Amino acid sequence: MERKALYAGSFDPITNGHLNIIERAARIYDSFTVAIVVNPNKKGFFSIDERLEIVRNVTAHLPNVRVDKFSGLLADYVNENGFAAVVRGLRATTDFENEIQMAQMNARLYSGDTETIFLMTDPKYSFISSSMIKEVASLGGSVDGLVPEYVIKKIKDKLQEE
Ligand code: COA
């Protein structure tokens with residue numbers, strides 16, 4: 001049976017920390033879906049379509065990775081698609097509290113035996129978040145090495161548009 005797993009998030013934008021989790025998890029599962037959560041109450045820096053395009057571009061070298069989006073409950077999306085696992089990255093102990101709450105709530109909502117699997121974020125990326133990347137880049141700071149080159153280009157284009 002094909003082992004399918006999911007990695008969900010806002011990815012606004014995707015960082016090298018996310019990409020590191022995706023590359024490592026994609027080696028474990030037969031099929032790995034990266035899904036962008038559509039939150040109608042949150043105006044992103046990048047639109048959902050832009051994020052889809054960016055994530056597809058930076059994961060193009062990974063043949064078993066597909067990119068999708070969903071709205072509503074993560075558990076509903078999981079139940080509809082039959083994922084065996086939901087992968088989460090843990091950066092620091094501060095992530096743990098929130099993650100355990102989400103994992104336990106989701107466990108009640110899964111209709112099957114989906115497991116939440118935690119991978120430790122590479123220490124090189126443990127301090128970054130998408131918000132920090134946007135803040136530093138928009139104030140003219142360097143985010144080289146923290147996000148893929150393509151994301152740097154997209155952020156620059158976006159800031160020029162504004
Ligand atoms: N490297 C770098 N940054 C990372 C990272 C990593 N490995 N892992 C997480 N981050 C960053 C993200 O960029 C994000 O930064 P931001 O807050 O500045 O945007 C932050 O850490 C939080 O990431 P995450 O916990 O993945 O939040 P998210 O908003 O991207 O995704 C969902 C959270 C999608 C899993 C959750 O909101 C969800 O399930 N939503 C659907 C609705 C639902 O089912 N709710 C009930 C849940 S029980």
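Just so we're clear, the structure is a prediction, and the values are computed from it rather than from any experiment. Both ligands and their constituent atoms are indexed starting at 1 by order of listing. FYI, side chains are in, hydrogens and waters are out, and symmetry mates aren't considered; it's all heavy atoms of this structure. Position 1 is the first residue of the sequence; numbering continues from there.
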Pairs of donor and acceptor atoms involving the side chains of residues 92-104, under 3.5 Å and at least two apart or interchain, shall be tabulated with distances.
from, atom 1, to, atom 2, distance (Å)
D95, OD1, R91, NH2, 3.0
D95, OD2, R91, N, 2.8
D95, OD2, R91, NE, 2.9
E99, OE1, R88, NE, 2.8
E99, OE2, R88, NE, 3.4
E99, OE2, R88, NH2, 2.9

For residues 72-86, please give each side-chain donor-acceptor pair under 3.5 Å, one per line with the distance, not counting sequence neighbours.
from, atom 1, to, atom 2, distance (Å)
Y77, OH, D68, OD2, 2.6
N79, OD1, S111, N, 2.9
N79, OD1, S111, OG, 3.3
N79, ND2, A75, O, 3.2
N79, ND2, L109, O, 3.0
N81, ND2, Y77, O, 2.7

For this session: Starting from the C-alpha separation in whole Å, work towards a yes-or-no answer on side chain to side chain contact (heavy atoms under 4.5 Å, CB included) for T33 and Y7.
Result: CA-CA 6 Å; T33 298; Y7 185 45; over 6 Å; no
Seminar exercise, completed: Chain-and-number sorted residues having a heavy-atom contact under 4.0 Å with ligand 1 are G9, S10, T15, G17, H18, I21, V37, G72, L73, L74, R88, R91, E99, M102, M105, N106, T121, I128, S129, S130, S131
Problem set entry | E50 and its salt bridge (Lys or Arg N to Asp or Glu O under 4.0 Å) partner, picked from R56, K69, K158 | K158
Atom pairs and distances, side-chain donor-acceptor, residues 116-127, under 3.5 Å, sequence neighbours left out:
from, atom 1, to, atom 2, distance (Å)
T121, OG1, L90, O, 3.1
D122, OD1, K124, N, 2.9
S126, OG, P123, O, 3.2

Exercise. Do you know the tightest heavy-atom contact between T15 and S130?
Worked result: CG2-OG, 4.1 Å
